[in-house]
Amino acid sequence: MTRSRGLGVRFAVALLVSIVGVVLLGAGPAAADPPGPTDYQTEIVSIEPPADIDMGVIGGDSFLEMAVLGSIDVVVLGYEAEPYLRFDADGTVYENLRSPTRYLNEDRYGAREIPPDASADAEPQWERVDDDAHYAWHDHRAHWMNPSRPVGRSPGDQILEAVVPIEVDGVPVSVTVQSTWLPAPSVWPAVLGGVVGAALVAMGLLLAGGRFVGVPLALTAAAALAMGWMAYSSVPAEAGASLLLWALPATAVVVAVAGAIALARGPSFMGAGLMAAGGLELVLWAWTRWDALVRAIVPTDAPEDLDRAVITAALVVGLGSLVIGALRLFESSRPVPSPVTPAPS
């Protein structure tokens, strides 16, 4: 193996290690399950009596959010009527560390152990969590609490109605929520994205004898980064969106651009390795977002159909780039036969 190929191998290994690091970093535990694609839409039906607050839903049915509009004190009560969240008149928001609701809300289905010192009867222990009179939290009263579909219901049906109790300046207020099962999304945006992805890979292979085969990977990685960042930034920090939404495509952009430049100059062991690594990152990103293709609601500020199209395009281009890069790595690593010297006569 030549010195340049040896450097290329070490570089490829270091790159793959960095990819694994990105995946592990982004997959670390968040304070609560982040909003994910869902088939259920929860809406705020009423606030009785009316209060100087604004409430909404993040991610279809994942999080309730509240903004206090006036100089008032608001307390959100937990599942055992204990104080759970406190919005002070100065805009500071607190969470009760001894509220059992706090721990149950760390998982969409309440699969968390409640510590011994957490009790509805315990004296509240308040921890500041925000200071702009706004906060978002999981609330099991506002979403379907079972991974299985509602029995006897079908898309279009209302599946729950519940009340989230709060107190505004000591006055009881009822926030009524309803959740509806939505129909599955159209498959055509995903199909279109797959077709575009396949066309990009074919174009890269055919143009200039395949010298620009890395360009489709770079373009698709940039599109994935845009969609990933919009999904990441569309929810508040307390919702705990995964870093993988943007970290994987961001590193894929850097890798893909470097690989495209190397391959445009001619066959390159390092260029092929970069192409394979960038393709792997796009495949991983598309895999982490697979639910967005089959669920009715995607928690993002981007157009949902565009997001779905980019996901399938990233999957196709990523797979194509991974295969092409791996094949070129194999070809460039094959030993070159020594020329045969004719025997002296």
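The chain is numbered in sequence order, starting from 1.
Atom CD1 of residue I58 and atom CG of residue L64 lie 9.0 Å apart, to the nearest 0.5 angstrom. With values rounded to the nearest 0.5 angstrom, D301 atom CG is found 12.0 Å from W229 atom CH2. Atom-to-atom distance recorded for L315:CG and W287:CH2 is 12.5 Å, nearest 0.5 angstrom. Rounding to the nearest 0.5 Å places CG of D73 at 10.5 Å from OG1 of T92. One distance of note links OH of Y40 with CG of L182; it measures 10.0 Å at 0.5 Å rounding. Rounding to the nearest 0.5 angstrom, the gap separating the CG atom in N105 from the CD atom in E95 is 8.0 Å.
Using a 4.5 Å heavy-atom threshold, the side chains of I47 and V173 count as touching. The side-chain heavy atoms of F269 and R328, taken from C-beta on, include no pair separated by under 4.5 Å. The shortest side-chain heavy-atom distance between V76 and M66 falls under the 4.5 Å cut-off. By the 4.5 Å heavy-atom criterion applied to side chains, D291 and R289 are not counted as neighbours. Between E238 and V129 the shortest side-chain heavy-atom distance does not fall below 4.5 Å. Looking at D61 and R108, their side chains come closer than 4.5 Å, going by heavy atoms from C-beta outward. No side-chain heavy atom of T38 sits under 4.5 Å from any side-chain heavy atom of R295. Side-chain contact check for V171 versus E167: every heavy-atom pair is 4.5 Å or farther apart.
Taking the centre and axis of the six-membered ring of W126, the NZ or CZ atom of R86 falls inside the cone set by 45° and 6.0 Å.
Heavy atoms only, all atoms of each residue included: P35 and S62 are closest at CA-OG, 3.5 Å. Looking at every heavy atom in both residues, G60 comes nearest to Q41 through O-NE2, 3.3 Å. Taking all atoms of both residues into account, the shortest heavy-atom contact from R308 to P189 is CB-CB, 4.4 Å. Minimum heavy-atom separation, P216 to T220: O-OG1, 2.7 Å. The shortest non-hydrogen separation linking A276 to A326 is CB-N, 4.0 Å. Among all heavy-atom pairs drawn from V74 and V168, the shortest one is CG2-CG2, 4.2 Å.
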(message) Under the criterion side chain to side chain contact (heavy atoms under 4.5 Å, CB included), I'd like the reasoning laid out for I324 against L205: C-alpha separation, chi angles, the key distance, then a yes or no.
(response) CA-CA 9 Å; I324 294 169; L205 284 171; 3.7 Å; yes
(request) Quick one: do R102 and N96 satisfy side chain to side chain contact (heavy atoms under 4.5 Å, CB included)? Show the steps, please. (result) CA-CA 7 Å; R102 176 190 187 274; N96 180 10; over 6 Å; no
(message) Set out, in order, the CA-CA distance, both residues' side-chain angles and the distance that settles side chain to side chain contact (heavy atoms under 4.5 Å, CB included) for I53 and I72, then state yes or no.
(response) CA-CA 9 Å; I53 61 174; I72 55 177; 4.2 Å; yes
(message) One pair to check against side chain to side chain contact (heavy atoms under 4.5 Å, CB included): I159 and T180. What are the steps and the verdict?
(response) CA-CA 6 Å; I159 59 170; T180 304; over 6 Å; no
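When atom types are taken as modelled, the side chain of R153 and the backbone of Q158 share a donor-acceptor pair closer than 3.5 angstrom. Side-chain N or O atoms of T251 include one that pairs as donor or acceptor with a backbone N or O of L248 at under 3.5 Å. Between the side chain of E281 and the backbone N or O of A252 there is at least one donor-acceptor pair closer than 3.5 Å. Between the side chain of S234 and the backbone N or O of A231, at least one donor-acceptor pair lies under 3.5 Å. A side-chain donor-acceptor contact under 3.5 Å links T300 to the backbone of A302. A distance-only check finds a donor-acceptor pair linking the side chain of E304 to the backbone of V298 [under 3.5 Å]. In terms of modelled atom types and a separation under 3.5 Å, the side chain of D88 and the main chain of D90 share no donor-acceptor contact. Judged by distance alone, with hydrogens and angles left aside, the side-chain atoms of W285 form a donor-acceptor pair with the main-chain N or O of L245 at under 3.5 Å. The backbone N or O of G194 lies less than 3.5 Å from a partner atom in the side chain of T312, making a donor-acceptor pair. Side chain of D157 to backbone of S154: a donor-acceptor contact under 3.5 angstrom is found.
Around the CZ atom of R128, the shell of radius 6.0 Å holds no more than 12 heavy atoms that belong to other residues, nucleotides or ligands. Crowding of W144 atom CH2: a count of heavy atoms from other residues, nucleotides or ligands under 6.0 Å exceeding 12.
E82 and T101 are linked by a side-chain donor-acceptor pair at a separation below 3.5 angstrom, with hydrogens and angles left out of the test. If you check the side chains of Q178 and E161, you find a donor sitting under 3.5 Å from an acceptor. Residues W137 and D139 bring a donor and an acceptor atom of their side chains to less than 3.5 Å of each other.
In terms of hydrophobic clustering, with Ile, Leu, Val, Met, Phe, Trp and Tyr side chains grouped at heavy-atom distances under 4.5 Å, V75 and Y135 are assigned to different clusters. Hydrophobic clustering (ILVMFWY, side-chain heavy atoms < 4.5 Å, transitive): V68 and L77 are in distinct clusters. At a threshold of 4.5 Å between side-chain heavy atoms, the hydrophobic network of Ile, Leu, Val, Met, Phe, Trp and Tyr places L282 and V201 in one connected group. Both V253 and L243 are members of a single hydrophobic cluster when ILVMFWY side chains are connected at heavy-atom separations under 4.5 Å. When the side chains of ILVMFWY residues are joined at heavy-atom separations under 4.5 Å, either directly or via intervening members, V57 and V235 end up in two distinct hydrophobic clusters.
When each of Y84, Y79, Y103 is tested with H140 by the rule ring-ring contact (aromatic ring centres under 6.0 Å, His included), just one qualifies, namely Y79.
Taking the charged nitrogens against the carboxylate oxygens, R98 and E123 have no contact shorter than 4.0 Å, which rules out a salt bridge.
For H138 and F63, the distance between ring centers is under 6.0 angstrom.
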